[in-house]
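Order of the sequence lines fixes the chain letters, A, B, ..., with proteins taken first and strands second; residue numbering starts at 1 for each chain.
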There are 2 protein chains.
Amino acid sequence: MRQGAVTLRDVARRARVSVSTAARALGGYGYVSPTTRERVLRAARALDYHPNAVARSMIKGRTHTLGVVVSDSSNPFFAAVVRGVEDVALPYGYGILLCNADEDPRKEAMYVSMLRQKRVDGIIVSPSGESSGALASLLAAGIPVVQVDRRVRGLPTDAVVVDNRAGVFAAVEHLVRLGHRHIALIGGPGRLYTGRERTRAFRDSLRRFGLPLVESWLLEGTFKVDSGYRLAARLLESSPRPTAVFVANNLMTIGALLGFKQAGVRIPEEMAVVGFDDMDWAPILTPPLTAVAQPTFELGKTAATLLLARLQDPARPPRLVVLPPRLVVRESCGARLASVSPTGSTGEPVPSPRPSP
Amino acid sequence: MRQGAVTLRDVARRARVSVSTAARALGGYGYVSPTTRERVLRAARALDYHPNAVARSMIKGRTHTLGVVVSDSSNPFFAAVVRGVEDVALPYGYGILLCNADEDPRKEAMYVSMLRQKRVDGIIVSPSGESSGALASLLAAGIPVVQVDRRVRGLPTDAVVVDNRAGVFAAVEHLVRLGHRHIALIGGPGRLYTGRERTRAFRDSLRRFGLPLVESWLLEGTFKVDSGYRLAARLLESSPRPTAVFVANNLMTIGALLGFKQAGVRIPEEMAVVGFDDMDWAPILTPPLTAVAQPTFELGKTAATLLLARLQDPARPPRLVVLPPRLVVRESCGARLASVSPTGSTGEPVPSPRPSP
DNA sequence: GAAGAGTGTGAGAACGTTTGCAGATTACCA
DNA sequence: TGGTAATCTGCAAACGTTCTCACACTCTTC
């Protein structure tokens with residue numbers, strides 16, 4: 001077996017039948033006598049035959065492979081999304097080709113093109129920039145695309161996103177009910193859908209509660225750890241200083257908490273913190289972190305389900321699925337809890353009025 | 001473009017040349033006159049031609065795709081490993097087919113078989129069980145395999161692992177130098193290479209320091225969060241109670257810390273904790289977590305590099321690369337630090353003797 | 001001005017499957 | 001016994017590339 005793998009011809013030869021008969025025996029279609037089938041199966045087993053999916057794809061025009069393009073699969077958020085996709089797709093016999101675009105539209109276009117050349121049956125993408133030409137061209141060619149977590153304007157594809165507006169509103173409402181009136185934002189890049197949406201929702205929420213929009217408290221970061229760290233420091237220097245901050249993603253929350261810790265800022269007394277995206281380490285912080293939990297896993301599962309459905313029926317109109325987030329109240333905003341449960345979730349927020357400063 | 005993608009024939013027809021000439025023009029080999037080439041390129045662009053990699057693979061016998069099988073890509077550890085693989089492989093034009101085996105040898109075998117049918121050029125695997133028949137068969141067929149993080153006996157492949165022994169020893173030594181003599185273990189499953197290795201190294205380390213081996217302090221978990229949680233509780237019930245615990249992986253560390261927190265156990269005064277595998281949230285805990293940092297990203301990069309090297313030269317003898325871990329001293333064992341740095345690392349441990357109980 | 005090298009092009013055979021079709025054999029019925 | 005249907009099998013044509021070969025043409029060079 002030094003060279004090229006065992007082929008159907010080898011199996012056929014050993015079973016003393018034609019290639020087509022061997023194919024039928026292994027493929028389980030058409031007419032094959034029981035004895036012949038048995039002989040072929042035995043030969044295949046003896047030779048450790050593994051059918052060549054490349055050749056099959058060639059004929060069938062389908063590769064049974066899905067492309068997944070995210071910005072960074074080592075970010076726990078996307079890691080969970082990818083896992084969700086896999087859990088749905090693999091049982092159906094689909095493989096997953098994973099690509100990391102690093103928020104770089106050029107890289108994204110490159111990988112999309114690679115996936116296209118590899119003739120994946122469909123692509124799940126969390127687009128980096130705006131109006132990706134590569135995606136539009138994909139769509140024009142009739143290759144199914146599902147957008148996940150983010151959407152670019154004018155791409156009529158299936159998509160699944162989180163209700164960012166509701167999540168942000170719940171976070172702000174929580175702070176307000178605890179008496180906060182000076183709330184800052186460590187937000188994401190306006191270039192990205194989620195960054196934009198959450199910032200917009202934040203501004204709207206403040207307006208809704210009649211709170212002042214202090215521009216120096218509306219910070220734009222990069223969704224990375226160090227960015228949260230720097231912006232937390234910036235916030236501490238600002239005067240007047242806010243009493244609470246909403247951080248728009250998981251990594252920046254880590255950075256911000258590190259910044260506050262280093263500066264000796266007590267949470268929640270001197271600064272209340274709500275994060276977007278709950279993590280499994282959130283309950284072991286001191287105080288445990290209150291955060292907007294996203295259905296990350298579901299995001300991926302839904303994307304995969306939408307894609308598979310479209311593969312079944314290419315004509316079905318594009319659907320947009322909006323998944324609800326859930327505010328998980330712990331103690332980083334000053335809410336007092338009856339107890340800490342292993343899952344860290346406590347259902348309803350516990351309002352406990354707090355004098356405004 | 002409703003049906004089947006644009007093919008080389010279409011391009012050739014439009015450029016009024018033969019298929020072979022079009023192939024040469026686009027492939028950049030053989031003789032093609034500049035004017036013809038230009039004509040072909042223009043036609044390809046006009047038709048938005050994307051060469052069919054499936055057909056190419058058919059001929060070349062290589063798919064430019066690598067298989068990666070890990071137990072759970074949403075575990076930050078493997079997420080980083082996978083990312084490392086990608087960062088090396090994608091620039092060379094290799095795609096990554098990702099599979100999650102969930103520590104299930106049967107699933108693992110299934111996915112390996114799938115990857116084999118898809119004719120990946122090589123496979124990077126973090127094997128679940130012992131002596132996987134699927135892997136052996138792969139090897140027999142001459143398909144390159146690289147084992148990462150774990151190794152199964154009797155599989156002469158390239159491999160890259162962490163020096164678990166050194167990592168565990170450093171952790172125990174750190175505790176000992178801080179005066180601990182009653183050290184417990186929340187270990188991984190003996191079924192897994194890393195679980196076994198770390199437990200063995202732990203026992204050896206205790207012996208080396210002349211500490212007692214209390215069997216009820218040597219706990220075996222599943223490497224999952226809830227397992228760490230349960231075993232922490234168990235440890236608290238044991239009497240005498242240990243003054244320190246070494247937790248053998250990241251997820252169980254989360255569980256254990258949650259358990260201690262819930263029980264109101266003060267760290268490090270009542271229980272010192274060292275974890276295996278450092279995480280970016282370790283410095284924001286109270287107290288910041290001391291942990292053995294693994295070169296996760298490097299693990300993946302090295303695996304990919306080994307695999308690519310083998311694809312170049314299939315005859316080269318298998319290599320075993322052992323990467324060094326690094327103890328990152330923070331405060332969860334009682335070491336006092338000068339300051340908290342953003343990266344959380346402070347280089348050398350700070351010995352500060354502690355009376356034994 | 002013929003041999004040879006250097007260019008440019010196209011025909012056609014692979015690669016390993018799937019599958020339509022036709023031929024061969026058997027079974028069944030009139 | 002002949003005819004038809006049912007069952008089994010093999011031939012050969014796809015799929016979209018790559019790449020060897022053969023052929024044609026243009027220059028050199030003696």
Side-chain angles (χ1 to χ4, degrees), chain A residues 1 3-41 43-44 47-65 93 114 116-121 141, chain B residues 1 3-41 43-44 47-65 93 114 116-121 141:
Chain A
M1 224 140 306
Q3 274 292 62
V6 176
T7 154
L8 197 51
R9 272 192 57 182
D10 303 326
V11 176
R13 187 151 32 205
R14 183 179 235 262
R16 306 188 173 288
V17 294
S18 72
V19 172
S20 14
T21 300
R24 276 188 292 256
L26 291 167
Y29 59 94
Y31 288 116
V32 188
S33 79
T35 56
T36 317
R37 154 171 296 121
E38 190 48 45
R39 206 140 40 88
V40 172
L41 291 181
L47 295 174
D48 195 20
Y49 170 70
H50 288 251
N52 187 329
V54 175
R56 176 178 291 150
S57 295
M58 183 93 239
I59 302 207
K60 299 255 192 175
R62 305 166 106 263
T63 53
H64 264 259
T65 304
M114 181 189 94
R116 187 166 178 182
Q117 296 189 189
K118 287 193 187 290
R119 295 295 188 265
V120 294
D121 294 339
Chain B
M1 221 139 309
Q3 273 291 62
V6 176
T7 156
L8 197 51
R9 272 192 58 181
D10 302 327
V11 175
R13 187 153 31 210
R14 184 177 235 262
R16 304 187 174 289
V17 294
S18 71
V19 172
S20 7
T21 300
R24 274 189 295 258
L26 291 166
Y29 61 93
Y31 290 114
V32 188
S33 78
T35 54
T36 314
R37 154 170 296 121
E38 190 48 45
R39 207 141 38 90
V40 172
L41 292 181
L47 295 173
D48 194 20
Y49 170 69
H50 287 251
N52 186 328
V54 175
R56 176 179 291 150
S57 296
M58 183 93 239
I59 303 208
K60 299 253 193 179
R62 305 167 107 263
T63 52
H64 264 260
T65 304
M114 181 190 95
R116 187 167 178 180
Q117 296 189 189
K118 286 191 186 291
R119 294 296 189 266
V120 294
D121 293 340

Requested in this report: Measure distances between side-chain N and O atoms of A:R24 and base N and O atoms of D:dG10, and say whether any donor-acceptor pair falls under 3.5 Å.
Outcome: yes

Requested in this report: Answer yes or no: is there a side-chain heavy-atom contact under 4.5 Å between B:T7 and B:N52?
Outcome: no

**Report entry** Spacing between A:Y29 atom OH and D:dC8 atom P, to the nearest angstrom
**Finding:** 16 Å

Query - Reported NZ-to-OG1 distance for the pair B:K118 and A:T63, which is rounded to 0.5 angstrom - result: 6.0 Å

Report task. Could you state the atom-to-atom distance from NZ of A:K118 to P of D:dT17 in whole Å? Result -> 15 Å

Query raised in the report: Within the structure shown, what part of the strands sits under 4.0 Å from B:S57 by heavy-atom distance: base, sugar-phosphate, or nothing?
Result: nothing

Report task. Would you classify A:V32 as touching base, sugar-phosphate or nothing, given that sugar-phosphate means primed atoms plus P, OP1 and OP2, and contacts are heavy atoms under 4.0 Å? Result -> sugar-phosphate

Query raised in the report: Roughly, in whole Å, what's the span from NE2 in A:H50 to P in C:dG16?
Result: 16 Å

Report task. Remember a base hit wins even if backbone is also touched, and classify B:S20 as base, sugar-phosphate or nothing at under 4.0 Å, heavy atoms. Result -> base

Query - Over 12 foreign heavy atoms within 6.0 Å of CZ, A:R16 - result: no

Query raised in the report: If only side-chain N and O atoms of B:T7 are considered, is one of them under 4.0 Å from the OP1 or OP2 phosphate oxygen of D:dT17?
Result: yes

**Report entry** OP1 or OP2 of C:dG8 under 4.0 Å from side-chain N/O of B:T36
**Finding:** no

Query - Rounded distance in Å - CZ (B:R62) to C1' (D:dT18) - result: 15 Å

Query raised in the report: What's the closest nucleotide to the A:S33 side chain, out of C:dT19, D:dC19, D:dC8?
Result: D:dC8

Report task. Would you mind reading off the distance between B:I59 atom CD1 and C:dG12 atom C1', rounded to a whole angstrom? Result -> 12 Å

Report task. Taking only the side-chain nitrogens and oxygens of A:T21, find out if one of them lies under 4.0 Å from OP1 or OP2 of D:dT9. Result -> no

Query - Closest to the B:R56 side chain, choosing from C:dT17, D:dG16, D:dT18 - result: D:dT18

Report task. Measure the shortest side-chain to side-chain distance between A:R39 and A:T36 over non-hydrogen atoms and say whether it is less than 4.5 angstrom. Result -> yes

Query - Residue whose closest nucleotide on DNA chain C lies nearer the 5' end, B:R39 versus B:A55 - result: B:R39

Query raised in the report: In terms of the nearest nucleotide of DNA chain C, which residue is placed more toward the 5' end: B:R16 or A:G27?
Result: B:R16

Query raised in the report: Does a side-chain heavy-atom distance below 4.5 Å link B:S57 with B:R119?
Result: no

Report task. With heavy atoms under 4.0 Å as the rule, sort A:V17 into base, sugar-phosphate or nothing. Result -> sugar-phosphate

Query raised in the report: Rounded to the Å, how far apart are B:L26 CG and C:dT9 P?
Result: 14 Å

**Report entry** side-chain N/O B:Y31 vs C:dT7 OP1/OP2, d < 4.0 Å
**Finding:** yes

Query - Heavy-atom closest contact (A:Y49 atom, A:L26 atom, distance) - result: CE2-CD1, 3.6 Å

Requested in this report: Could you tell me the separation between the CE atom of A:M58 and the P atom of C:dT18, rounded to a whole number of Å?
Outcome: 14 Å

Requested in this report: Kindly point out which of D:dG10, C:dT17, D:dT18 is positioned nearest to the side chain of B:K60?
Outcome: D:dT18

Query raised in the report: Given atom CZ of A:R119 and atom C1' of D:dC15, what is their separation to the nearest angstrom?
Result: 12 Å

